[in-house]
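These notes are about the structure you will find just below.
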Amino acid sequence: MQIDNRNETSQLNMVFWTGAGLSAESGVPTFRGENGLWHPSNNIRYSQVSSLGTDLAECMAFHNQRRRAILRVFPSRAHYLITELQQRYNVKIITQNIDDLHERAGSHSVIYLHGSIQFVVPKGFRHPKYRLSWYKNINVGDRCPRTVAQLRPDIILFGETIYGYQQARRWLCEADIVVVIGTSLLVEPAHSLLGNINPMAKVYYINPEPRLSSHLPFPGEQVVEGANSGMASLLDEISNGW
Ligand code: APR
């Protein structure tokens with residue numbers, strides 16, 4: 001992995017785009033992998049906003065189980081290496097993940113495109129947001145004191161508008177380096193959002209499964225490694241090459 005030498009490296013704008021493969025290093029299941037959340041396939045209905053109407057209790061139980069799984073894991077080495085880079089360079093993070101592992105690793109400047117399972121919001125609204133204790137479940141009948149609407153996890157389901165699109169687009173347009181870690185690049189509008197990367201930027205895709213170049217939303221170097229080892233190589237290059 002060769003990264004351009006730059007005189008003013010600390011002026012570099014770096015953007016990390018992270019997907020479920022990064023959290024997989026912490027033990028959080030991915031969605032489409034072998035033991036992914038969408039297998040058995042009948043779970044995938046809980047990724048649709050319609051399930052809040054047709055299967056509310058089962059949908060809440062499914063996402064409550066995800067919360068409990070996240071409570072039991074810790075940030076991976078890759079999460080901490082990203083935080084380490086934030087202390088040296090202008091690093092922003094755009095994540096598709098709904099866990100709090102970036103935050104727990106000490107990172108800041110994070111856009112949660114698909115929301116955060118730490119919060120709940122009233123059904124049909126985006127506000128007010130309530131931070132829910134990791135030790136609590138959200139259940140049918142739990143209502144927002146202000147809107148009286150049923151509370152639901154503040155995660156974006158298929159059929160809903162993602163958070164932070166314009167801000168993420170600006171960060172990508174201004175990026176000098178973009179590192180895409182652990183995503184299958186299958187989900188819109190996230191995938192086309194990556195098409196807004198600054199044409200002059202260097203792009204790296206860290207994923208143990210190589211992608212067809214034609215499938216990449218933006219030309220870049222593929223680092224066919226897991227997040228932890230791929231991030232370690234990136235940090236080596238930065239320490240030696242910049
Ligand atoms: N390190 C890096 N990448 C990994 C690792 C690892 N240790 N293990 C798996 N991966 C890669 C897989 O090769 C795959 O390309 O992570 C990717 C995970 O893909 P998905 O399961 O599709 O997850 P993601 O791309 O984040 O899904 C996007 O889809 O269902 C929605 O809202 C959900 O945010 C999610 C979105």
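In what follows, every heavy atom counts, from backbone to side chain, and hydrogens, waters and symmetry copies are set aside. We count ligands from 1, going down the list as the structure has it; atoms in each ligand are counted the same way.
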Ligand-side contact atoms (ligand 1) for residue partner [X], heavy atom cut-off under 4.0 Å:
X: E209; value: 13 (O)
X: P208; value: 1 (N), 2 (C), 3 (N), 4 (C), 5 (C), 10 (N)
X: T30; value: 21 (O)
X: G19; value: 26 (O)

Can an N or O of L22 be found at a distance shorter than 3.5 Å from an N or O of ligand 1?
no
Please check whether F158 reaches ligand 1 - meaning an N/O of the residue sits under 3.5 Å from an N/O of the ligand, judged on distance alone.
no
Quiz item: Among side-chain atoms of D154 and Y163, is any donor-acceptor pair under 3.5 angstrom?
Solution: yes
Can you pull out the closest protein heavy atom to [atom]? Residue, atom name and distance to 0.1 Å, please.
atom: atom 34 (O) of ligand 1; answer: H114 ND1, 2.9 Å
atom: atom 35 (C) of ligand 1; answer: F31 CE1, 3.4 Å
atom: atom 31 (C) of ligand 1; answer: R32 NH2, 3.6 Å
atom: atom 23 (O) of ligand 1; answer: A20 CB, 3.5 Å
atom: atom 18 (C) of ligand 1; answer: G182 O, 3.9 Å
atom: atom 28 (C) of ligand 1; answer: Q96 NE2, 3.5 Å
atom: atom 7 (N) of ligand 1; answer: E25 CD, 3.3 Å
atom: atom 10 (N) of ligand 1; answer: G21 CA, 3.6 Å

Practice task
Verify, without hydrogens or angle tests, whether Q86 (side chain) and H108 (backbone) share a donor-acceptor contact under 3.5 angstrom.
Solution key: yes
Tell me if the CD atom of E188 is crowded by more than 12 foreign heavy atoms within 6.0 Å.
yes
- Above 12 or not: heavy atoms from other molecules or residues under 6.0 Å from CZ of R77? no
Y130 and C144 have their tightest heavy-atom pair at OH-SG, 3.1 Å
Note: R211, heavy atoms under 4.0 Å from ligand 1, region reported as side chain
Quick look: V187 vs ligand 1, heavy-atom contacts under 4.0 Å, and the answer is side chain
Candidates L157, T183, V180; heavy atom nearest atom 25 (O) of ligand 1 found on T183
Looking at N97, N207, I206, the heavy atom closest to atom 14 (C) of ligand 1 belongs to N207
### Message
Would you say I111 ends up clustered with I197 if hydrophobic residues are merged whenever their side chains have heavy atoms under 4.5 Å apart, either directly or through other cluster members?
### Response
yes
- Message: Can you tell me how the ring of W38 sits relative to the ring of F31, calling it parallel under 30°, perpendicular over 60° and tilted otherwise?
- Response: tilted
Show your reasoning for whether side chain to side chain contact (heavy atoms under 4.5 Å, CB included) applies to D99 and V73. CA-CA 10 Å; D99 58 52; V73 300; over 6 Å; no
Residues pairing under salt bridge (Lys or Arg N to Asp or Glu O under 4.0 Å) where one sits in residues 130-147, two or more places apart or in two chains, turn out to be none
The complete set of salt bridge (Lys or Arg N to Asp or Glu O under 4.0 Å) pairs with one or both residues in residues 50-59, sequence neighbours excluded, reads R45-D55
Any side-chain heavy-atom pair of L22 and S76 under 4.5 Å: yes
